[in-house]
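Working notes for the structure below.
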Amino acid sequence: MTAAADNVLIRLASLSKHYGTHTVLDGIDLEVCSGEVLAIIGPSGSGKSTLLRCINYLEPPDGGTITIGSANIDASRPATAAELSRLRRRIGMVFQSFNLFPHMSVLRNVSLAQERVLGRSRKDADERSMQLLKRVGLADKASQYPVRCSGGQQQRIAIARSLALDPEIMLFDEPTSALDPELGLEVLAVMRELAESGMTMIVVTHEMGFAENVSDNVMIMADGHIVEKGPSKAIMRDPQQERTKRFLRAVHER
């Protein structure tokens with residue numbers, strides 16, 4: 001899964017975000033290579049989710065630059081519609097909540113964006129949707145409505161919907177936090193398969209097993225800063241920074 005160091009796909013430089021006088025992201029510098037899986041962990045309120053939302057420009061940053069491949073946005077000025085389109089076209093995002101359309105079948109939930117964003121015919125979109133529903137183990141749910149699916153199934157549908165737009169990068173914001181442990185395992189299994197297939201992924205997570213055993217690198221955030229970043233097992237088993245040690249000690253003592 002680990003990509004070559006010169007194959008940088010995501011580059012953030014001096015990225016900042018403020019809410020009034022509160023600094024949420026304070027000059028974040030980050031590089032993620034193609035095919036890399038980066039897990040971001042840290043205490044609540046450290047800026048993890050905001051960082052993901054800034055990468056996808058769901059939250060416009062206040063300063064710095066975001067580069068995704070050849071797409072670059074300078075946050076010191078308003079982004080144009082064309083810039084946002086080029087950026088978002090390369091990124092899929094999965095949230096804590098599933099955000100499925102309750103009045104549409106599972107198949108339509110996965111197909112609709114393909115038709116509107118990619119211009120696929122309904123037939124082609126449905127064929128691609130069925131491939132992806134099979135990939136996440138839910139082909140038999142295609143004609144059902146989301147309310148008839150468990151939380152773990154709904155999150156897997158949300159993953160299929162994001163993959164249907166053929167993104168180069170997948171962002172996951174605590175995808176298992178709303179699920180009980182058993183259902184969370186279903187989602188983590190799909191994410192593991194994606195990682196093994198070479199998908200570039202940034203995952204904000206509280207799943208320490210995923211961080212250590214599936215991701216290539218782990219990044220610890222606290223108070224809007226990157227505290228420590230490095231190979232997953234090294235960070236999880238032998239952290240160098242006292243802030244990281246405190247956080248991991250608190251996690252293990254819960």
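Below, each value reflects all heavy atoms present in this structure, side chains not excepted, and no hydrogens, waters or symmetry copies.
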Do [X] and [Y] touch side chain to side chain, with heavy atoms closer than 4.5 Å?
X: Leu51; Y: Met221; result: yes
X: Met208; Y: Leu248; result: yes
X: Asn99; Y: Arg161; result: yes
X: Ile157; Y: Leu138; result: yes
X: Lys233; Y: Asn213; result: yes
X: Lys141; Y: Arg148; result: no
X: Phe172; Y: Leu194; result: yes
X: Val106; Y: Cys149; result: yes

What pairs of residues pass the salt bridge (Lys or Arg N to Asp or Glu O under 4.0 Å) test when at least one of them lies in residues 92-101, not counting sequence neighbours? none

Here the salt bridge (Lys or Arg N to Asp or Glu O under 4.0 Å) pairs for residues 197-212, sequence neighbours left out, are Glu212-Arg237

Where do [X] and [Y] come nearest, in terms of heavy atoms and distance?
X: Arg156; Y: Val190; result: CD-CG2, 3.6 Å
X: Leu183; Y: Ser150; result: CD2-OG, 4.0 Å
X: Gln96; Y: Ala178; result: O-CB, 4.1 Å
X: Arg89; Y: Asp166; result: NH1-O, 4.0 Å
X: Leu25; Y: Thr50; result: CD1-CG2, 4.1 Å
X: Ile55; Y: Ile91; result: O-CD1, 3.9 Å

Quick test of your reading of the model: are [X] and [Y] salt-bridged, counting only N-O distances below 4.0 Å?
X: Glu174; Y: Lys48; value: no
X: Glu83; Y: Arg77; value: yes
X: Glu242; Y: Arg249; value: yes
X: Arg11; Y: Asp29; value: no
X: Asp140; Y: Lys134; value: no
X: Arg120; Y: Glu115; value: no

Calculate, to the nearest 0.5 Å, the distance between atoms CG and CD belonging to Leu100 and Gln154 respectively. 5.5 Å

Under a plain distance cut-off of 3.5 Å, with no hydrogens placed, do Asp74 and Thr65 share a side-chain donor-acceptor pair? no

Is it the case that the side chains of Asp26 and His225 hold a donor-acceptor pair, with the cut-off being a distance below 3.5 Å and no angle test? yes

Can you check side-chain contact (heavy atoms from CB on, under 4.5 Å) on Glu168 and Thr200, steps first, answer last? CA-CA 7 Å; Glu168 296 175 62; Thr200 306; over 6 Å; no

Hey, any chance [X] and [Y] share a hydrophobic cluster, counting ILVMFWY side chains that come within less than 4.5 Å of each other, even indirectly?
X: Leu165; Y: Leu112; answer: no
X: Met170; Y: Val136; answer: yes
X: Leu163; Y: Phe98; answer: yes
X: Leu188; Y: Leu171; answer: no
X: Val204; Y: Val187; answer: no

Do the side chain of [X] and the main chain of [Y] share a donor and acceptor less than 3.5 angstrom apart?
X: Asp216; Y: Val37; value: yes
X: Ser232; Y: Ser215; value: yes
X: Gln114; Y: Val110; value: yes
X: Arg88; Y: Tyr57; value: yes
X: Lys17; Y: Pro60; value: yes
X: Asp62; Y: His18; value: yes
X: Glu228; Y: Gln241; value: yes

When you look at Asn72 and Ile66, which way does the side-chain contact (heavy atoms from CB on, under 4.5 Å) test go after all the steps? CA-CA 6 Å; Asn72 178 272; Ile66 300 173; over 6 Å; no

My understanding is that only residues two or more places apart in sequence, or in another chain, count here; which of them pass side chain to side chain contact (heavy atoms under 4.5 Å, CB included) with [X]?
X: Arg243; result: Pro43, Ala222, Val227, Arg246, Phe247
X: Ser105; result: Leu107, Arg108
X: Arg53; result: Leu58, Glu59, Met93, Phe95

Out of Glu186, Gln155, His206, which one pairs with Thr176 under the side chain to side chain contact (heavy atoms under 4.5 Å, CB included) rule? His206

Given Val251, Val218, Ile220, the one that forms side chain to side chain contact (heavy atoms under 4.5 Å, CB included) with Met236: Val218

side-chain contact (heavy atoms from CB on, under 4.5 Å) between Ile40 and Thr205, intermediate numbers included: CA-CA 6 Å; Ile40 303 178; Thr205 185; over 6 Å; no

Residues passing the side-chain hydrogen bond (donor to acceptor under 3.5 Å, both in side chains) test with Ser16, sequence neighbours excluded, are none

Between Val203 and Leu38, is a side-chain contact (heavy atoms from CB on, under 4.5 Å) present by the stated rule, with each step listed? CA-CA 6 Å; Val203 183; Leu38 173 67; over 6 Å; no

